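A short worksheet on the structure shown next.
Note that this is a predicted model, so its numbers are computed, not measured. Note that the numbering runs from 1 along the sequence shown for the chain.
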Amino acid sequence: MKTITARDAEHHFGELLDTMQREPVVITQDNRPVGILISMEDAANSLIADHFIEKEPGHDVWLA
């Protein structure tokens with residue numbers, strides 16, 4: 001799991017998107033974890049999908 005500051009995430013967003021495809025990324029602010037970024041694939045394979053991802057018709061096909 002990679003950790004990155006909120007400031008670095010802001011300045012290197014494209015790089016951050018590439019990294020989160022390979023591993024979860026923890027975002028910190030003032031040396032405190034404030035969020036985590038994971039790929040859609042990782043989200044779909046977790047309980048997160050049931051709570052946060054709005055499933056529209058064809059959602060399962062899109063993930064596949």
Side-chain angles (χ1 to χ4, degrees):
M1 188 173 316
K2 182 176 177 85
T3 301
I4 187 171
T5 66
R7 178 171 299 217
D8 285 342
E10 181 180 3
H11 293 283
H12 303 281
F13 191 69
E15 214 174 288
L16 179 63
L17 292 176
D18 291 338
T19 301
M20 69 179 231
Q21 295 303 312
R22 295 186 305 272
E23 63 182 317
V25 178
V26 175
I27 307 293
T28 62
Q29 189 170 27
D30 298 326
N31 293 320
R32 290 184 354 241
V34 294
I36 188 166
L37 294 175
I38 61 173
S39 68
M40 289 298 291
E41 182 180 353
D42 288 343
N45 293 328
S46 71
L47 296 177
I48 294 170
D50 296 336
H51 298 286
F52 296 106
I53 297 175
E54 187 174 325
K55 294 183 180 177
E56 298 176 5
H59 175 74
D60 294 334
V61 173
W62 180 79
L63 284 175

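- Note that the CE atom of M20 and the NZ atom of K2 stand 14.0 Å from one another [nearest 0.5 Å].
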Acceptor/donor pairs from residues 31-40 side chains to any protein atom, 3.5 angstrom cut, sequence neighbours excluded:
unit_1: S39; atom_1: OG; unit_2: D42; atom_2: N; d: 3.0
unit_1: S39; atom_1: OG; unit_2: D42; atom_2: OD2; d: 3.4

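- Here the closest non-hydrogen pair linking I4 and A9 is CD1-N, 3.8 Å.
- Evaluation of the side-chain hydrogen bond (donor to acceptor under 3.5 Å, both in side chains) test over residues 7-18, restricted to residues two or more places apart or in two chains, returns T5-D8.
- Taking both residues in full, the closest heavy atoms of M1 and E23 are given as N-OE1, 3.4 Å, listed atom of the first, atom of the second, then distance.
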